[in-house]
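Here is the structure we will look at.
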Amino acid sequence: MVEEGKLFIGASRKPDDTINKGEYLELKFGNRHGLITGATGTGKTITLQILAEGFSNAGVPVFCADVKGDLSGIGAIGETKDFILKRAEQIGLPTNPYEFQEFPVIFWDLYGEKGHRVRTTMSEMGPLLLSRLMNATDAQEGVLNIAFKIADQGGLPLLDLKDLQALLNYMGENATQLSNQFGFISKASVGSIQRELLILEQQGAEHFFGEPALKITDIMRTTNDGRGAISVLAADKLMMNPRLYATFLLWLLSELFEELPEVGDPEKPKLVFFFDEAHLLFNDAPKVLTERVEQVVRLIRSKGVGVYFVTQNPLDVPETILGQLGNRVQHALRAYTPRDQKAVKTAADTFRPNPEFDCASVITNLGTGEALVSTLEGKGAPTMVERTLVRPPQSRVGPLTAEERQKIMDVSPVRDQYDEDFDRESAYEMLTARAKKVAEAQRQAEQAPVEANTGGSRWTLPGFGDDEPAAPAGKQARPRSSGYQRETVVEAAMKSVARTVATQVGRALVRGILGSLSRR
């Protein structure tokens, strides 16, 4: 429901419970970010759903995570239910009939079970986010940075888990030599990282790293009739590994920041990104990561991307980021504990006051599907907070069946593009091939002296003539002492890497603001 560049959210109520006026979110401020908060069961998912519907009808692509599984219903036409018709009547919408609608949806799933596979490469993830994913120590993060540096200089593509495992194995075997060039490499840290990678593999992270990698353009599609596609990430299973969930969404946000051009303040966003269960992003996050998230959130607005954090408690979001979220929808909070009471006060203090009611008192008494709403207007100033009845969705409330989901996937615009694995030559294959080549060279070198003493060579020792006396029986000829020693596997591999580095002179590598490697 878009009216003159606005998204209809619901209708505000006066203190006597009569309807006051409609509450809207202006599309031109859609990239100014937002916050949806409230306790469990207060209607946050429905608010997310109706905002996604509004942006889609306005031609704005949407990306959101389906944490509980019930957001998938946005891909099916809504069904007539008493509570929907009652709410529509309360806020003055026509109910005979109510305008139900289905929306263009693309389903995604890191595990490839309830949607198209989503992958990225190790190089694109980068050492910072990978360290966050593994909860690495400072020493381990340093080793990961060295690993990516060696891969960059040596022309070793890091695509999947086995690529990084192979490189770490190489680093552990050659820690002394590599430490002289890149700084101290602890074998203990290398071993710890390898164990963490094993844990990630057991948790299913191997499904996430690899090719074909997700193209950002595929989550920014529009339909032939001008509606924005709604990309829904199946996250019910992914939530079993919350660190992977948060790291994936943060990676996606950083990719958007890196790849999209500057557009300033467009008439409507290029993409709206809903970050559900946002507290997982900031739980135990190091200060440097929080600072970079803040920087991305602040700067990505000029790329035309709106980021909306969805969480239970406004205290879950750091103040430096909270101050950048101009569009607010606050559902009910419960003040059972001192922390809850602080959250209520924090939420109330962030709104532009309304003289007709006390925000702190109202927040604890809001009903299901009711919220305090404040958006931006004019030149970007916040509107006065209003107690609002959120409009009912036009799509289905509740999940799709497995058959309905599959039918949508069968006609998806990205069908067959991401569902098959592609394993091209990368660090694992290159390091394995080099090791085999060096091992074969070493084997041949070890056989060479034996061949010399058995007449297998046309050259005899100590001279070059065939009439030179042979070595006494029972003794083996000793090779010449020329200061030369046969290369070990390590030394040969190091020289091979050095030769590769020499051919890569002039290669420009620019890592993004969150440590990911820019695509070429």
Side-chain angles (χ1 to χ4, degrees), residues 9-21 23 25 32-51 67-68 87 90-91 242 246 274-285 290 293-294 297 307-377 381-391:
I9 298 176
S12 58
R13 302 168 62 185
K14 295 181 179 180
D16 60 1
D17 287 341
T18 58
I19 296 301
N20 184 15
K21 61 184 179 64
E23 297 298 324
L25 189 159
R32 298 291 182 93
H33 311 318
L35 178 69
I36 303 171
T37 57
T40 301
T42 56
K44 295 192 303 296
T45 300
I46 294 297
T47 297
L48 191 162
Q49 186 170 344
I50 65 107
L51 288 177
V67 173
K68 294 178 292 185
R87 177 56 57 87
Q90 281 180 306
I91 61 179
F274 288 96
F275 203 135
D276 203 358
E277 299 294 339
H279 65 281
L280 297 175
L281 176 61
F282 304 107
N283 282 353
D284 302 321
T290 302
V293 173
E294 175 195 348
V297 171
V307 182
Y308 289 71
F309 293 94
V310 185
T311 188
Q312 292 189 19
N313 196 316
L315 296 179
D316 295 334
V317 182
E319 289 187 10
T320 54
I321 296 175
L322 201 61
Q324 300 178 45
L325 311 180
N327 301 301
R328 306 285 183 92
V329 180
Q330 175 66 63
H331 289 274
L333 290 174
R334 311 307 178 199
Y336 300 133
T337 67
R339 185 176 187 273
D340 293 339
Q341 294 169 4
K342 182 179 179 182
V344 170
K345 185 177 186 306
T346 299
D349 290 345
T350 57
F351 287 113
R352 177 182 167 188
N354 188 326
E356 294 186 350
F357 59 85
D358 177 64
C359 280
S361 299
V362 169
I363 287 176
T364 59
N365 294 299
L366 292 169
T368 301
E370 190 177 17
L372 294 180
V373 174
S374 176
T375 58
L376 300 178
E377 64 178 357
T383 60
M384 184 182 299
V385 63
E386 294 286 357
R387 185 172 182 173
T388 304
L389 292 173
V390 177
R391 75 164 178 88

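In what follows, every heavy atom counts, from backbone to side chain, and hydrogens, waters and symmetry copies are set aside.
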Check: Taking it one step at a time, do Ile363 and Gln330 satisfy side-chain contact (heavy atoms from CB on, under 4.5 Å)?
Finding: CA-CA 8 Å; Ile363 287 176; Gln330 175 66 63; 4.2 Å; yes

Check: Under the side-chain contact (heavy atoms from CB on, under 4.5 Å) criterion, do Arg334 and Thr40 qualify, and how do the steps go?
Finding: CA-CA 10 Å; Arg334 311 307 178 199; Thr40 301; over 6 Å; no

Notebook entry, point to check: Which class fits the ring pair Phe309 and Phe275: parallel under 30°, tilted 30 to 60°, perpendicular over 60°?
Noted result: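 Plane angle under 30°, so parallel.
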
Would you mind reporting whether [Y] and [X] have side-chain heavy atoms less than 4.5 Å apart?
| X | Y | value |
| --- | --- | --- |
| Leu48 | Tyr308 | no |
| Thr311 | Phe282 | no |
| Glu23 | Thr375 | no |
| Leu325 | His33 | yes |
| Thr350 | Pro314 | no |

Next item on the list: Answer yes or no: does atom NZ of Lys342 have more than 12 heavy-atom neighbours from other residues, nucleotides or ligands under 6.0 Å?
Entry: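 Atom NZ in Lys342 is not crowded, with 12 or fewer foreign heavy atoms closer than 6.0 Å.
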
Donor-acceptor pair, distance only, cut-off 3.5 Å: does the side chain of [X] make one with the backbone of [Y]?
| X | Y | answer |
| --- | --- | --- |
| Thr47 | Gly43 | yes |
| Ser374 | Arg328 | no |
| Thr320 | Pro318 | no |
| His331 | Glu370 | yes |
| Arg87 | Gly369 | yes |

Measure the [atom1]-[atom2] distance between [X] and [Y] for me, rounded to the nearest 0.5 Å.
| X | Y | atom1 | atom2 | answer |
| --- | --- | --- | --- | --- |
| Thr388 | Asn20 | OG1 | CG | 9.0 Å |
| Lys14 | Lys21 | NZ | NZ | 11.0 Å |
| Leu333 | Thr42 | CG | OG1 | 7.5 Å |
| Asn327 | Ile36 | CG | CD1 | 9.5 Å |
| Ile321 | Thr290 | CD1 | OG1 | 6.5 Å |
| Asp340 | Thr364 | CG | OG1 | 11.0 Å |

Next item on the list: Could you please spell out the steps behind the side-chain contact (heavy atoms from CB on, under 4.5 Å) verdict for Arg13 and Ile19?
Entry: CA-CA 5 Å; Arg13 302 168 62 185; Ile19 296 301; 4.3 Å; yes

Next item on the list: Check Pro353, Cys359, Pro355 against Phe357 for a side-chain contact (heavy atoms from CB on, under 4.5 Å) and give me the one that passes.
Entry: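 Passing option: Cys359.
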
Closest heavy-atom pair and its distance - [X], [Y]:
| X | Y | value |
| --- | --- | --- |
| Ala371 | Leu366 | CA-CD1, 4.0 Å |
| Leu376 | Arg32 | CD1-CB, 3.5 Å |
| Leu51 | Phe274 | CB-CZ, 3.9 Å |
| Asn313 | Thr37 | C-CG2, 4.3 Å |

Next item on the list: Apply salt bridge (charged side-chain N to carboxylate O under 4.0 Å, His left out) to Arg352 and list each qualifying residue two or more places apart in sequence or on a separate chain.
Entry: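 If we apply the salt bridge (charged side-chain N to carboxylate O under 4.0 Å, His left out) test to Arg352, skipping adjacent residues, the hits are Glu377.
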
Notebook entry, point to check: Taking only residues two or more places apart in sequence or in another chain, which ones pass side-chain contact (heavy atoms from CB on, under 4.5 Å) with Glu356?
Noted result: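 Glu356 satisfies side-chain contact (heavy atoms from CB on, under 4.5 Å) with Pro15, Asn354 only.
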
Item checked: Residues Arg339 and Asp316 bridged, charged N to O under 4.0 Å ->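 Salt bridge present between Arg339 and Asp316.
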
Note to self: Applying side-chain contact (heavy atoms from CB on, under 4.5 Å) to Leu372 and Arg387, what does each step give before you reach the verdict?
What the structure shows: CA-CA 5 Å; Leu372 294 180; Arg387 185 172 182 173; 4.1 Å; yes

